[in-house]
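FYI, side chains are in, hydrogens and waters are out, and symmetry mates aren't considered; it's all heavy atoms of this structure. Numbered from 1 within each chain, the chains take letters A, B, ... in sequence-line order.
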Protein chains: 2
Amino acid sequence: MRILIVEDEPHLGSAVQERLREAGHAVDWFMTLADARAILLTMNYDVVVLDLGLPDGSGRTLLRELRRARSTVAVLITTAQDQISDRIAGLSEGADDYIVKPYDLDELSARVDAVSRRYGGGSGENEILLDDGLALDLSRHRLSRDGTEIDLTAREWAVIEALARRPGAVCSRERLEDALYGLGEEVESNAIEVFISRLRKKLGSGTIITVRGRGYRLAEPRA
Amino acid sequence: MRILIVEDEPHLGSAVQERLREAGHAVDWFMTLADARAILLTMNYDVVVLDLGLPDGSGRTLLRELRRARSTVAVLITTAQDQISDRIAGLSEGADDYIVKPYDLDELSARVDAVSRRYGGGSGENEILLDDGLALDLSRHRLSRDGTEIDLTAREWAVIEALARRPGAVCSRERLEDALYGLGEEVESNAIEVFISRLRKKLGSGTIITVRGRGYRLAEPRA
DNA sequence: TTCAACCTGACAGCAACCTGAACAGAGCGG
DNA sequence: CCGCTCTGTTCAGGTTGCTGTCAGGTTGAA
């Protein structure tokens, strides 16, 4: 999942970035509205973690711009305790959730996962059935076949999560790379293919279908 | 689909050309107004991707010339963020859409597809019914017979997309070649006939009708 | 009948893709 | 400090599937 953090406090921003990266996401972090605005034009994010009090303006401005431009990206607002009015206004302006500073990093990570699923491209379902008895539980981060659990590494999970975002739709390799590697982490090998190969070894070869020249997609359960 | 790119920035132009070619289109790329003007006299394009800030003048000049000459080609304007006035003027001068630089390539590709369908020769419909239970969904790039999907390669899709542009009308082989092969990519064999043959194998022999000496056309559903 | 246009099976080149293996770094226990 | 495991990345060689070309057959018009 590709996540944008807009947060001007260095320690907090870096801690959030690290925590979400450990969860397997591609995380970009900017400290100003201007930078955020620029990167949002070129990159499609799944979630924006947006602080309201920024040096060059309020995050609410950016939120309004996004919604006016018909962007459906999920937005999670972070705010100090004394800005309740801002928070409420943010929700009415199209934010999906808010969290009060100081917050627990695990709590933030859970909220990020939650908003990513109920907005934008997400399917909204928490449990997705794949072919051959496979069940993907996005909210609990679990994958099981006929009840027995299958362990995935962080990267493997990130790949299948990106594919499951729109089940049945083709997901390009570029898009998968965007979901795994943030700015400055780009990789120049066939890493995606290797993860696909490892996933197939764990899930069975029919689960992930190659669409030559366009990407990959998940097999849907046979009705 | 035949697409003309007018863009003076080498990296961007080449990236756009490559991306649209992967989508199965014939893509010509020129860096100056003069070259674009010359090629537009000899070749019929479906879409022009037009940058406004060019070395030998503004793209708006070319746009005005096109519309004054009653051309109905779809025009997609690309512009830097600080040229809002130019952008608005462009729309009022006959552009079909605009996109702000820097943009996401997937986004551009989607917009190109969109403007190509709502202008000029396009039928405007997103779902086209052919004979024998075949349904062609242009916006989702899907072809299905009675609900089961049929996979097409990039070239096969380009052929049927060109035929579907004016359903029922005869499309000459030259026109099909123009839609598949850009400048410098021309082929000198019966490649088109081969793709028609492959399509018939997948779709059934009655779907594409040969009009001897003039070209091909799609069969319409029996009323 | 003759000729041009068209159809289609076969095949080689090539790029995309797959996968086993090697390697570096982090973390951990002894 | 060493050895072990686990994870992620890179590389190399093999495989697959798309594409363009050709050859030989078929169709249709004059």
>> Let me confirm one number: the CG-CG distance from Leu12(A) to Asp51(A), rounded to the nearest 0.5 Å.
In response: 8.0 Å

> Between dT19(C) atom P and Leu199(A) atom CG, what is the distance in whole Å?
Replying inline: 12 Å

> So what does Ser189(A) touch, heavy atoms closer than 4.0 Å: a base, only the sugar-phosphate, or nothing?
Replying inline: base

> Any side-chain N or O of Thr210(B) under 4.0 Å from OP1/OP2 of dA5(C)?
Replying inline: no

> Which is it for Ile196(A) and Thr210(A) under the side chain to side chain contact (heavy atoms under 4.5 Å, CB included) test, yes or no, and what are the steps along the way?
Replying inline: CA-CA 10 Å; Ile196(A) 294 282; Thr210(A) 302; 5.6 Å; no

>> With a strict under 4.0 Å distance from non-hydrogen atoms of chain A, what nucleotide opens and what nucleotide closes the contacted stretch of DNA chain D, reading 5' to 3'?
In response: dT7(D) to dC18(D)

> Expressed in angstrom and rounded to an integer, what is the separation of Leu176(A) atom CG from dC17(C) atom C1'?
Replying inline: 14 Å

> How many angstroms lie between CG in Leu183(A) and CG in Asp28(A), if you round to the nearest 0.5 Å?
Replying inline: 3.5 Å

> Does the side chain of Asp106(B) come under 3.5 Å of the side chain of Ser109(B) through a donor N or O and an acceptor N or O?
Replying inline: no

>> With salt bridge (charged side-chain N to carboxylate O under 4.0 Å, His left out) as the criterion, how do Glu156(B) and Lys202(B) come out once you've worked through the C-alpha distance, each side chain's angles and the decisive distance to 0.1 Å?
In response: CA-CA 10 Å; Glu156(B) 287 164 358; Lys202(B) 289 186 178 180; 2.8 Å; yes

> Could you give the CZ-to-C1' distance, from Arg214(B) to dA4(C), as a whole number of Å?
Replying inline: 17 Å

> Touch check for Glu188(B), heavy atoms < 4.0 angstrom, all strands: base, sugar-phosphate only, or nothing?
Replying inline: sugar-phosphate

> Touch check for Arg212(B), heavy atoms < 4.0 angstrom, all strands: base, sugar-phosphate only, or nothing?
Replying inline: base

>> Show me, range against range, the stems involving DNA chain D, built from at least 3 consecutive Watson-Crick or G-U pairs below 3.5 Å.
In response: C:1-30 with D:1-30

>> In this structure, how many angstroms lie between the P atom of dA26(C) and the CZ atom of Arg21(A), rounded?
In response: 15 Å

> Could you give the CD-to-P distance, from Glu185(B) to dC14(C), as a whole number of Å?
Replying inline: 16 Å

> Do you know which two heavy atoms are closest between Asp113(B) and His141(B), and how far apart they sit?
Replying inline: OD2-NE2, 3.9 Å

> What is the distance from CD1 of Ile209(A) to P of dC18(C), rounded to the nearest Å?
Replying inline: 12 Å

> Hey, is the side chain of Tyr216(B) poking within less than 4.0 Å of OP1 or OP2 on dA5(C), counting only N and O atoms?
Replying inline: no

>> Whole angstroms only, please: what is the CZ-C1' distance between Arg198(B) and dA10(C)?
In response: 10 Å

> Does Arg173(B) get its side chain close enough to the base of dA5(C), under 3.5 Å, for a donor-acceptor pair?
Replying inline: no

> How would you label the contact of Arg200(A) with the nucleic acid (heavy atoms, under 4.0 Å): base, sugar-phosphate, or nothing?
Replying inline: sugar-phosphate

> So how far is it from Ile209(B) CD1 to Arg217(B) CZ, rounded to the nearest 0.5 Å?
Replying inline: 4.0 Å

> If you measure only the distance, is there a donor-acceptor pair under 3.5 Å linking the side chains of Asp146(B) and Thr148(B)?
Replying inline: no

>> Testing the 3.5 Å rule here: is there a donor-acceptor pair between the side chains of Ser14(B) and Arg19(B)?
In response: no

>> Could you tell me how far apart Glu193(B) (CD) and dA10(C) (C1') are, to the nearest whole angstrom?
In response: 16 Å

> Counting only side-chain N and O atoms of Lys201(A), is one of them less than 4.0 Å from OP1 or OP2 of dG20(C)?
Replying inline: yes

>> I want to check something: taking the side chain as every heavy atom from C-beta on, are Thr78(A) and Leu50(A) in contact at a cut-off of under 4.5 Å?
In response: no

